[in-house]
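First the structure, in the form of structure tokens, and then the observations on it.
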There are 2 protein chains.
Amino acid sequence: MARKKVTSHDVAKLAGVSRTTVSLVLNDVPHTRITEGTRQRVLDAAKRLRYRPDAAARSLATKQTRTIALVLYQSADRIVGDAFLTSVVRGLCEVAQQRGFRLLLHPFEDVGKSEAYISLVLENSIDGLIVSGPRSDDEQLPKLREDGFPVVLLGQLNGAGIHFVDVDNAAAAFRAVSRLVQLGHRRIGLITNAPLEYTASAARWRGYQEALEEAGLPYDESIVRYGNFRAQSGYQAMEELLALTEPPTATFIASDEVATGALAALHERGISVPDGMAIVGFDDIPLARYLTPPLTTIRLPAYDLGLQAADMLIDIIQGEEIAETGVLLDTELIIRESCGECEPLGKEVENH
Amino acid sequence: MARKKVTSHDVAKLAGVSRTTVSLVLNDVPHTRITEGTRQRVLDAAKRLRYRPDAAARSLATKQTRTIALVLYQSADRIVGDAFLTSVVRGLCEVAQQRGFRLLLHPFEDVGKSEAYISLVLENSIDGLIVSGPRSDDEQLPKLREDGFPVVLLGQLNGAGIHFVDVDNAAAAFRAVSRLVQLGHRRIGLITNAPLEYTASAARWRGYQEALEEAGLPYDESIVRYGNFRAQSGYQAMEELLALTEPPTATFIASDEVATGALAALHERGISVPDGMAIVGFDDIPLARYLTPPLTTIRLPAYDLGLQAADMLIDIIQGEEIAETGVLLDTELIIRESCGECEPLGKEVENH
DNA sequence: GCGTGTTACTAACACGCGTTACTAAAACTC
DNA sequence: GAGTTTTAGTAACGCGTGTTAGTAACACGC
């Protein structure tokens, strides 16, 4: 580095005041009367020297890092597969930057290595934590909660009493399946987005059951399959359903990515969608509209999810009282051709 | 927080030594002989108290943060659209964690606001910087280079002499287009992934031209269109090409996402792929294999890209000499049905 | 017994900031 | 004009580390 580090001492010297005054002026400390003249002198000097307070020194003195971490508590597969996650991250960043916070990214794959993100807390590297895809077998999380460390979940964990932001997965699935019921289907299959250990996956499964129940349809285990985030799993699951002696006439697939694989299997067998098999997906990934046929699906407020999570976390950090411990965001059923009774492609407004 | 912060002072007291000794032992300082007995006493005490050195204090003393930042120098659209980016990030995280570094995420949309990431440097929040999608009109980057601040580009910037890791976009595009030539096409269109201001986009465009030249085919501006990362732009571009009196018989589309939009336009007009129009994409997004028809495309070593970038950056930070200022990683042409002469879908091995 | 190393540690300072307690000067009160 | 309050600013400490300079204690050679 050619340029030496500029310290508040340099600013003080240039402005002809003490270092204390510099700090008071630059931090806008209330209940401190300082002449407009010296105030300006300090500001000018700071600007001229391009002074920026050293982050480490400031953290050490204030006990605040102005940094939050996003912990991705999930497998590598999921990180790749989830296009939706990038939108969430965008939302997080937006809020974080706006409120003057940094965002640290900490994915980890090994479930046993939850120690890893704890070190962020123990070393005082962060002020708060957002945990995406929490597992119920994580023992560190409740401890953090006890210690009063600010944590917000993206997703839910039953009974832990930790703040969270989530989507109403069950309600969304309910709506998707009900749509198929309305269209006259009586035998509706299910391919989940992931194993049921993932709470979101279980919730969508529950919504599927509830919709069947409300319609007076039986829950039939034989037309239920379990995906694992990836298209490949949808391809295989659909092949299995098609091999049944009595395949469903419609399938709710709780992930667009997985649904894409299923569509490929259907095309291969020459089965038309929606006539031979109606499909409703989940997530509304950007490509959903451009698949063949365009996919009816549930649109998630991914960006808002990130926005609210970051907002809530920073509120907690700054000691503001939070009204509700959790927030459930609404979803939207986007109707396209894959379930029948669609609107033509051209009409849909482009936005995301 | 229920638990009070544990400091090295506490450890020293419990072990019955001075704070200095604690520091020497825990940091494994060489040329310092310390009795095995006291060494163990210190280690035990540290473990028993769950001592972790405070990150801020350590940074202040050592002038090192053990943190690197990923700056995403690109529009919001791109962040959403680029599934490929999540793989890169995975690679980055992998290396960073392994070598004991943190990863800070800093996307920004406004090109004018390059000041934003500079503050990370001025505040000494990071030891190094990875810049994805650099723009030639960024004036801050050369300054950093002059100051000797560690920077690695994901992508290239001509003449700046900054370390970089990239893919050989031109060569990849060349290979893709040559394939179409081999298949007998004489009129091959181009839809770019993005405007030509993006260096990667320009390189792919150049590869397209070179392949035509080598084949003795003319470059015809009228069958070239410019995408903008999104599927929508591909949809529209393909519509325009199809409206020509003499449309191409094949099109190289420099982004799978954009290609997906183009495929939708083709389906709508009932044009079969590859018979009515052959398509080669770029990126090999996870869904490429499951589109209709499965997409012939260029596979990028996204994960490796992130891996190498992080590795190179940390090498630089730690003062190791770097042999080459830049690394170009190889790509792979993945042949599927969308260009003709495919292998059947089932055979392809699943991996990513 | 005196100088010279060597061993095994420690006292004290620096890093750059925020902040509390204090002061000298000016302004008011009566 | 002596006492009291207000104003405008500063000296000095603490945050928790890493690190340099230094020091007792002891062994050794002659």
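Chain A is the first sequence line, chain B the second, and so forth, proteins listed ahead of strands; every chain is numbered from 1.
Of the candidates D:dG16, D:dG18, D:dG9, D:dG16 carries the atom nearest the B:T7 side chain, counting heavy atoms from C-beta on. The side chain of A:N27 lies closest to C:dG18, out of D:dA8, C:dG18, D:dA12. Among the nucleotides D:dG18, C:dG16, D:dG9, the one closest to any side-chain atom of B:S23 is D:dG18. For A:P53, the listed nucleotide lying nearest its side chain is C:dC17; candidates were D:dG16, C:dC17, D:dT17. Side chain of A:V17, nearest nucleotide from D:dT17, C:dG18, D:dT10: D:dT10.
One interatomic measurement links the two molecules: CZ of B:R39 to C1' of C:dT7, which rounds to 15 Å at whole-angstrom precision. When rounded to the nearest whole Å, the span between NZ of A:K63 and C1' of D:dG14 equals 10 Å. Atom NE2 of A:H9 and atom C1' of D:dT10 are 14 Å apart (whole Å). In this structure, A:L122 atom CG and D:dG16 atom P are separated by 15 Å, rounded to whole Å. Following rounding to the nearest Å, A:L60 (CG) and D:dG14 (C1') show an atom-to-atom distance of 9 Å. If you take CD of B:E36 and C1' of C:dC9, they are 16 Å apart, rounded to a whole angstrom. In this structure, B:R58 atom CZ and D:dG16 atom C1' are separated by 11 Å, rounded to whole Å. If you take CG of A:D54 and P of C:dG18, they are 10 Å apart, rounded to a whole angstrom.
Remark: C:dG5 base-pairs with D:dC26; criterion is Watson-Crick or G-U wobble with both hydrogen-bond distances under 3.5 Å. Nucleotide C:dC30 forms a pair with D:dG1, judged by Watson-Crick or G-U wobble geometry with both contacts under 3.5 Å.
Each of A:L24 and B:R33 was assigned the nucleotide of DNA chain C with the nearest heavy atom; the assignment lying further toward the 5' end belongs to B:R33. Closest-nucleotide positions on DNA chain C for B:S18 and A:R19 were compared, and the one nearer the 5' end corresponds to B:S18.
Side-chain atoms of A:S18 and A:T21 include a donor-acceptor pair closer than 3.5 Å. A side-chain N or O of A:R99 and one of A:Q318 form a donor-acceptor pair less than 3.5 Å apart.
Applying the 3.5 Å distance criterion, the base of C:dA11 shares a donor-acceptor pair with the side chain of B:T20.
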Going through the checks in order, is the salt bridge (charged side-chain N to carboxylate O under 4.0 Å, His left out) test met by A:E36 and A:R41? CA-CA 9 Å; A:E36 189 54 29; A:R41 272 210 321 284; over 6 Å; no

Should B:L328 and B:V167 be marked as a side-chain contact (heavy atoms from CB on, under 4.5 Å) after you check the CA-CA gap, both sets of side-chain angles, and the distance that decides it? CA-CA 5 Å; B:L328 284 184; B:V167 116; over 6 Å; no

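OP1 or OP2 of C:dA8 has not a single side-chain nitrogen or oxygen of B:T21 nearer than 4.0 Å. Taking only side-chain nitrogens and oxygens, B:T62 never comes nearer than 4.0 Å to OP1 or OP2 of C:dC15.
Across all strands shown, B:T35 has heavy atoms under 4.0 Å from sugar-phosphate atoms exclusively, and none from any base. As judged by a 4.0 angstrom heavy-atom cut-off over every strand, A:T32 is placed among residues making no nucleic acid contact.
The one candidate from A:I126, A:L103, A:L120 that meets the side chain to side chain contact (heavy atoms under 4.5 Å, CB included) condition with A:I68 is A:L103.
When all heavy atoms of A:L85 and A:S132 are compared, the closest pair comes out as CD1-OG, 4.3 Å.
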